[in-house]
Protein chains: 2
Amino acid sequence: MSEVLPFHAQHLKAACSNCSVLELCLPIGLNGAEVERLDTLIVQRVKVKKGTALYRTGDPLRSLYAVRIGSFKTSMLSVDGREQVTGFHIPGEMLGLDAISADEHACNAFALEDSEVCPIHFAHLEKLAQNLPSLQHNLNRLLSREIVRDHSMLMLMGNMNSDERLAAFLLNLSQRLSIRGYSSKDFVLKMRREEIGSYLGLRLETICRGIAHLRDQGLVEISGRNVRIQNMDGLKQLLAGCHRSPR
Amino acid sequence: MSEVLPFHAQHLKAACSNCSVLELCLPIGLNGAEVERLDTLIVQRVKVKKGTALYRTGDPLRSLYAVRIGSFKTSMLSVDGREQVTGFHIPGEMLGLDAISADEHACNAFALEDSEVCPIHFAHLEKLAQNLPSLQHNLNRLLSREIVRDHSMLMLMGNMNSDERLAAFLLNLSQRLSIRGYSSKDFVLKMRREEIGSYLGLRLETICRGIAHLRDQGLVEISGRNVRIQNMDGLKQLLAGCHRSPR
DNA sequence: CGAGAAGTTGACGGCGCTCAATGTGGGTGG
DNA sequence: CCACCCACATTGAGCGCCGTCAACTTCTCG
């Protein structure tokens, strides 16, 4: 197909305007002219190889990063070196929001596969946002949405048992993939069991057992990292009454 | 002492300029002229009686609220009506940040005692922030700080046992009170055991037992809601190696 | 002063953690 | 291309922390 495009299309500067996750990312709701001004901030996209860090705790905040291709985990290290995964991030999602607080990154970001991000120089972003109210509003909303997401995680950690947490995790991932045009029923987990466990406040063995339970109920089929959701409604019902004791 | 003030001081319009938590709140780092412009947003302070809601889940976002006097809990309700406390808020802290995401409040805010807040009309705030870069930056930082705080809570929920969580809770509260000029060693809990438990992902009985454990170790003395920290360093050491298994 | 709410403590059981053995798949080098 | 290797995943056995239930005490407030 590429031959129908003018050759120089291959050399177009990295830009939001021609990005596949335009409508999910920072530019949400911006008009054409506004997106073009945002484009001036994206100097060049950056590739991140599987397993390598995009940034680490303590690194000074230079840019926020929009995931373009691939996926990331963000994690904090406890005093004794234990890892706590704080999030998984797929295309169209923003990395580094927690760094604004103290001008340095408060977590690590690792690529779960070969990936690509759009660095957005934060000082420039703030400056541009002064003149683009809708961009500023988007940034506020992005930050607020992360807070809402974290509160849901707290509720998950505080109120759900292991099977419910796993079901919630799978449904959430399914939905986010679906929005991006991927199948909501068939997808591949890019992270290890241990990382899922850390994210959900469980041990990796408990994740394995949870997978077995969901399989035994005919809700999902998971072999290795391949997921097939067989009974979406059943999974959702598992969460409908997420509680420890009936009544 | 009030007689040395001109009488009309009692009638001063509600304003950040003369607020006791000025340097902890939204105006951090703003200069005099900037604070005066921020003042124009605070139409009038609002009193909230103990046990009543400042806002509830689903209420449209009109204002953010800065706590001026007293304290609040924020909480979400799960599908089956179980409460998850997402935070406790004392003077100088902001309420309602999670509402920016969807223009409606994502949690409930209840006063834990007779309290007073400064409503900050959000649309006006965004408008003013366009012209006051440092105000905008403060808002960004406030939002980001909340994200960092939530991530610490996730780490607490994922990696700490019950006694460690309780110690972390007490130390955190102690530190925040200390910054506001209160004693870091003697203070009063404004919330019930059940609310502490919900916040920490534990049952109220477990909180009671945790209190007994800390008491038996001579770290704190808690009778009813009165807390006296007897060994601050000991408490901190309890957290220094926050883990499930030694090694 | 009385009644209801909040807090404390004990007994007991279950969920999820720990430890350990085994299975499996992807990547590398001969 | 295959064999090997190592990281990752799975499953079982046993146990400990914390949840549940219950009885009782203390506090709060009208």
Side-chain angles (χ1 to χ4, degrees), chain A residues 49-51 73 80 82-85 110 112-114 156-167 169 188-216 220-227 238 242-247, chain B residues 49-51 73 80 82-85 110 112-114 156-167 169 188-216 220-227 238 242-247:
Chain A
K49 277 224 123 9
K50 173 175 176 173
K73 70 168 177 182
D80 60 332
R82 191 175 298 262
E83 178 182 50
Q84 173 70 41
V85 172
F110 289 97
L112 293 173
E113 57 190 309
D114 290 351
L156 176 145
M157 294 274 222
N159 285 309
M160 295 190 197
N161 67 31
S162 62
D163 289 357
E164 290 165 347
R165 294 185 202 189
L166 181 59
F169 167 73
V188 177
L189 301 172
K190 300 300 186 180
M191 70 293 287
R192 294 176 289 119
R193 300 288 189 263
E194 187 175 8
E195 292 165 332
I196 299 175
S198 170
Y199 183 56
L200 299 177
L202 301 168
R203 300 281 110 185
L204 69 102
E205 296 94 330
T206 307
I207 300 299
C208 284
R209 285 184 238 278
I211 289 174
H213 297 159
L214 297 185
R215 188 203 321 115
D216 294 348
V220 301
E221 189 180 331
I222 301 183
S223 88
R225 302 202 172 179
N226 298 302
V227 178
L238 194 59
C242 51
H243 47 56
R244 275 164 175 158
S245 67
R247 181 59 295 222
Chain B
K49 276 223 123 13
K50 174 175 175 172
K73 70 168 176 182
D80 61 330
R82 192 175 298 263
E83 179 182 49
Q84 172 69 41
V85 172
F110 289 96
L112 293 173
E113 58 191 308
D114 290 350
L156 176 144
M157 295 273 224
N159 285 309
M160 295 191 197
N161 68 29
S162 63
D163 289 356
E164 290 164 347
R165 294 186 202 189
L166 181 58
F169 168 73
V188 177
L189 302 171
K190 300 299 185 179
M191 69 294 286
R192 294 178 289 119
R193 300 287 189 263
E194 187 176 7
E195 292 165 332
I196 299 174
S198 170
Y199 183 56
L200 299 177
L202 300 168
R203 300 283 108 185
L204 68 101
E205 296 93 330
T206 307
I207 300 300
C208 285
R209 283 183 241 278
I211 289 174
H213 297 160
L214 297 186
R215 188 203 321 115
D216 294 349
V220 301
E221 188 181 333
I222 301 184
S223 88
R225 300 202 173 179
N226 298 303
V227 177
L238 195 57
C242 53
H243 46 57
R244 276 163 175 159
S245 67
R247 178 60 297 217

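Residue numbers start from 1 in every chain, and the chains themselves are labelled A, B, ... in the order their sequence lines are given, proteins ahead of strands.
- Taking atom NZ on B:K190 and atom C1' on D:dT28, their separation rounds to 14 Å, with Å as the unit.
- We find that NE2 of A:H213 is positioned 10 Å from P of C:dC15, with the value rounded to whole Å.
- Contact of A:E205 with C:dC19 (side chain to base): a donor-acceptor pair of N or O atoms is detected under 3.5 Å.
- Sparse packing is recorded around CD of A:E194, with 12 or fewer heavy atoms of other residues, nucleotides or ligands lying under 6.0 Å away.
- Note on B:K50: every side-chain N or O is 4.0 Å or more away from OP1 and OP2 of D:dT28.
- Put simply, CD1 on A:I222 and CG on A:L166 are 6.0 Å apart, with the number rounded to the nearest 0.5 Å.
- Within the model, atoms CD of A:Q84 and CE of B:M157 stand 10.5 Å from one another, a figure rounded to the nearest 0.5 Å.
- Look at B:R193 and you won't find any side-chain N or O under 4.0 angstrom from OP1 or OP2 of C:dA6.
- The distance from atom CG of A:L189 to atom P of C:dG25 is 16 Å, rounded to the nearest whole Å.
- Contact check, B:T206 against D:dC18: no side-chain N or O comes under 4.0 Å of OP1 or OP2.
- Within the model, atoms CD1 of A:I207 and CG of A:L202 stand 5.0 Å from one another, a figure rounded to the nearest 0.5 Å.
- Distances from the side chain of A:R192 to the nucleotides D:dT11, C:dT9, D:dC8 place D:dC8 closest.
- Comparing A:D163 and B:I211 by the nucleotide of DNA chain C whose heavy atom lies nearest to each, the residue mapping closer to the 5' end is B:I211.
- The nearest whole Å value for the distance from the CG atom in B:L200 to the P atom in D:dC17 is 18 Å.
- OP1 or OP2 of D:dT20 has at least one side-chain nitrogen or oxygen of B:R203 nearer than 4.0 Å.
- The nearest whole Å value for the distance from the CG atom in A:N159 to the P atom in D:dT20 is 10 Å.
- When side chains are defined from C-beta on, A:I211 counts as touching A:R193, because their heavy atoms get closer than 4.5 Å.
- Looking at heavy-atom distances under 4.0 Å, A:L204 makes contact with a base.
- Proximity of B:R225 to the phosphate of C:dG7: a side-chain N or O atom is located under 4.0 Å from OP1 or OP2.
- One atom, CG of A:L156, and another, P of C:dG16, lie 12 Å apart when rounded to the nearest Å.
- Between D:dA9, D:dC18, D:dT11, one nucleotide has an atom nearer to the side chain of B:L202 than all others, and that is D:dC18.
- Put simply, CE on A:M191 is 18 Å from C1' on D:dA7, counting in whole angstrom units.
- Residue A:R209 places none of its side-chain N or O atoms closer than 4.0 Å to OP1 or OP2 of C:dT18.
- Rounding to whole angstrom units, CE of residue A:M157 and C1' of C:dG16 are separated by 14 Å.
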